[in-house]
There are 2 protein chains.
Amino acid sequence: MAKDRKIDMVILGLLAHEDLTGYDIKKRIDGAISLFWKGSFGSIYPALSSMEKEGLVEKKADATGKRERIFYHVTDKGIDCLKAWLEDEKATNDLKYETLLKLHFGGSVDRATSLKSVVAFEEEITEKLSLLQLYKKNLEPDLDNEDHLHYYLTVSFGITTYEAYLKWCEEAKKLLAHMDKISII
Amino acid sequence: MAKDRKIDMVILGLLAHEDLTGYDIKKRIDGAISLFWKGSFGSIYPALSSMEKEGLVEKKADATGKRERIFYHVTDKGIDCLKAWLEDEKATNDLKYETLLKLHFGGSVDRATSLKSVVAFEEEITEKLSLLQLYKKNLEPDLDNEDHLHYYLTVSFGITTYEAYLKWCEEAKKLLAHMDKISII
DNA sequence: TACATTATATATCAAATTGATATGTTGTCA
DNA sequence: TGACAACATATCAATTTGATATATAATGTA
């Protein structure tokens, strides 16, 4: 068996605040959560079905609209499940940095190639960082709100690490810049 | 189709330096590479088989030992494949921080619970950081070696980001420390 | 010497996940 | 009216994980 479905916890965490459709859940994940977790329709819809069978969530008929919309509501059992997970401080943090992988194996291609990977990474991070700073500005005035405090912590994590990434990019660019080093010396 | 098998590139990158068995490859990945990529036997062995069929690697009989050992050697086609990947600066960097996920949804449990997650994370990072500093010390004297320079860059990435993590842990602990805040004010 | 434990080594499998694709509806702007 | 973007559910092959099975060689220890 692979590890328990983590996507279940993401869904339960979101449903703890409001009833949502699978599509809504995907949008929430693509927002601030995408900084540290991702989820696709291919995992969300099957997870909702299976959690419904387990009694962790329940379907709510949508009377209002004409369009098919299946809202999910978290049950007491679902809340218990979420809390049990939150109270366990064990956590697996998995990173897959293709940029770093390319850099690690970059010794057999020329430095200009490695440099291009660093610059592409730098651009990506710079863009995301300005979005995070916007999130931070919105959360800062209301840290007495327990939820906002916790959202703030994750956004602050993103900002701190992204700033470190950019600092590293500067160092990496400097080290890779001396492309003619061997021929000069 | 899911995205191309990235594990192939890890294997080709390793085989570019020396012939290895599947078991060796796993050990290499569990070393310095584990900072930014992971791989299991369940992906390594099937990848080796399929790459052999594609002509990217070839089996080398092991004459010496008595134990079953299948060494793999990278072909010219395999090297071309590796270089093509290295020369493409596009890269997807996927993070799965369960710690951050727990913190994001921590607003509905007490702060002591969130604090425990931060402390567990801090301990994990502190331990890994000292290992990285050891790697760095070993690589630093020989940065003229093109491979070492590239290894150094990834180790330096790890150190810079882990130091940022620890800085954030301090901030997070401070913000979560005021557990009686509401009742005091 | 005998025994237990750890490291070496290949391989497979169910479960989880991704990324793509299929299918159709509703709202908006020109 | 027509085009396009956003909404919404669902499925699938390919990939990956984490666990397990199986077996041999080396090492420590009683």
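Every chain is numbered from 1, with letters handed out A, B, ... down the list of sequences. Heavy atoms only: backbone and side chains are in, while hydrogens, waters and symmetry mates are out.
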task: Describe the nucleic acid contact of B/K38 in one word from base, sugar-phosphate, nothing, applying a heavy-atom distance below 4.0 Å.
output: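 Sugar-phosphate, no base atom in range.
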
Ring center gap for A/F157 and B/Y165 short of 6.0 angstrom: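 A/F157 vs B/Y165: aromatic centres under 6.0 Å.
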
message: Both A/I7 and B/S49 contact DNA chain C. Taking the nearest nucleotide for each, which residue is further toward the 5' end?
response: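 Of the two residues, B/S49 wins.
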
Roughly how many Å is it from [atom1] in [X] to [atom2] in [N], rounded to a whole number?
{"X": "A/D8", "N": "C/dA15", "atom1": "CG", "atom2": "C1'", "result": "12 Å"}
{"X": "A/K59", "N": "D/dA8", "atom1": "NZ", "atom2": "P", "result": "16 Å"}
{"X": "B/E52", "N": "C/dT10", "atom1": "CD", "atom2": "C1'", "result": "14 Å"}
{"X": "A/I44", "N": "D/dC7", "atom1": "CD1", "atom2": "P", "result": "14 Å"}
{"X": "B/E98", "N": "C/dA16", "atom1": "CD", "atom2": "P", "result": "14 Å"}
{"X": "A/R5", "N": "C/dT17", "atom1": "CZ", "atom2": "C1'", "result": "11 Å"}
{"X": "B/L48", "N": "C/dT12", "atom1": "CG", "atom2": "C1'", "result": "15 Å"}
{"X": "A/W37", "N": "C/dT17", "atom1": "CH2", "atom2": "C1'", "result": "11 Å"}

Nearest heavy-atom pair of [X] and [Y]: which atoms, and what distance?
{"X": "A/K26", "Y": "A/G39", "answer": "NZ-O, 3.1 Å"}
{"X": "B/V74", "Y": "B/L12", "answer": "CG2-CD2, 3.8 Å"}
{"X": "A/S108", "Y": "B/L86", "answer": "OG-CD1, 4.5 Å"}

query: With sequence neighbours left out, what residues match B/H104 under ring-ring contact (aromatic ring centres under 6.0 Å, His included)?
result: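 A/F36, A/Y151.
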
message: Given 3.5 Å as the limit, does a donor-acceptor pair link the side chain of B/E98 with the main chain of A/T92, or not?
response: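 Yes.
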
task: Specify the angle, to 10°, made by the local axes at the two ends of the helix from C/dT1-D/dA30 to C/dA30-D/dT1 when five pairs are taken at each end.
output: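 It comes to 30° between the two terminal axes.
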
Should [X] be listed as having a side-chain N or O under 4.0 Å from OP1 or OP2 of [N]?
{"X": "B/S40", "N": "D/dT17", "result": "yes"}
{"X": "B/S43", "N": "D/dT17", "result": "yes"}
{"X": "A/K26", "N": "D/dA10", "result": "no"}

task: May I ask you to check whether over 12 heavy atoms, not counting those of A/K83, lie within 6.0 Å of atom NZ?
output: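 Open.
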
message: Given A/E170, which partner from the list A/K174, A/K167, A/K173 fulfils the salt bridge (charged side-chain N to carboxylate O under 4.0 Å, His left out) test?
response: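 Among A/K174, A/K167, A/K173, the one meeting salt bridge (charged side-chain N to carboxylate O under 4.0 Å, His left out) with A/E170 is A/K173.
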
Using a cut-off of under 3.5 Å, enumerate the N/O to N/O pairs linking the protein to nucleotides 7-9 of chain C.
unit_1: C/dT8; atom_1: OP2; unit_2: B/Y23; atom_2: OH; d: 3.2
unit_1: C/dT8; atom_1: O2; unit_2: B/R67; atom_2: NH1; d: 2.3
unit_1: C/dA9; atom_1: OP1; unit_2: B/R69; atom_2: NE; d: 2.4
unit_1: C/dA9; atom_1: OP1; unit_2: B/R69; atom_2: NH1; d: 3.4
unit_1: C/dA9; atom_1: OP1; unit_2: B/R69; atom_2: NH2; d: 3.0
unit_1: C/dA9; atom_1: OP2; unit_2: B/R69; atom_2: NH2; d: 2.9
unit_1: C/dA9; atom_1: O3'; unit_2: B/E68; atom_2: O; d: 3.4

query: Would A/S50 and A/E54 count as having a side-chain donor-acceptor pair, cut-off 3.5 Å?
result: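 Yes.
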
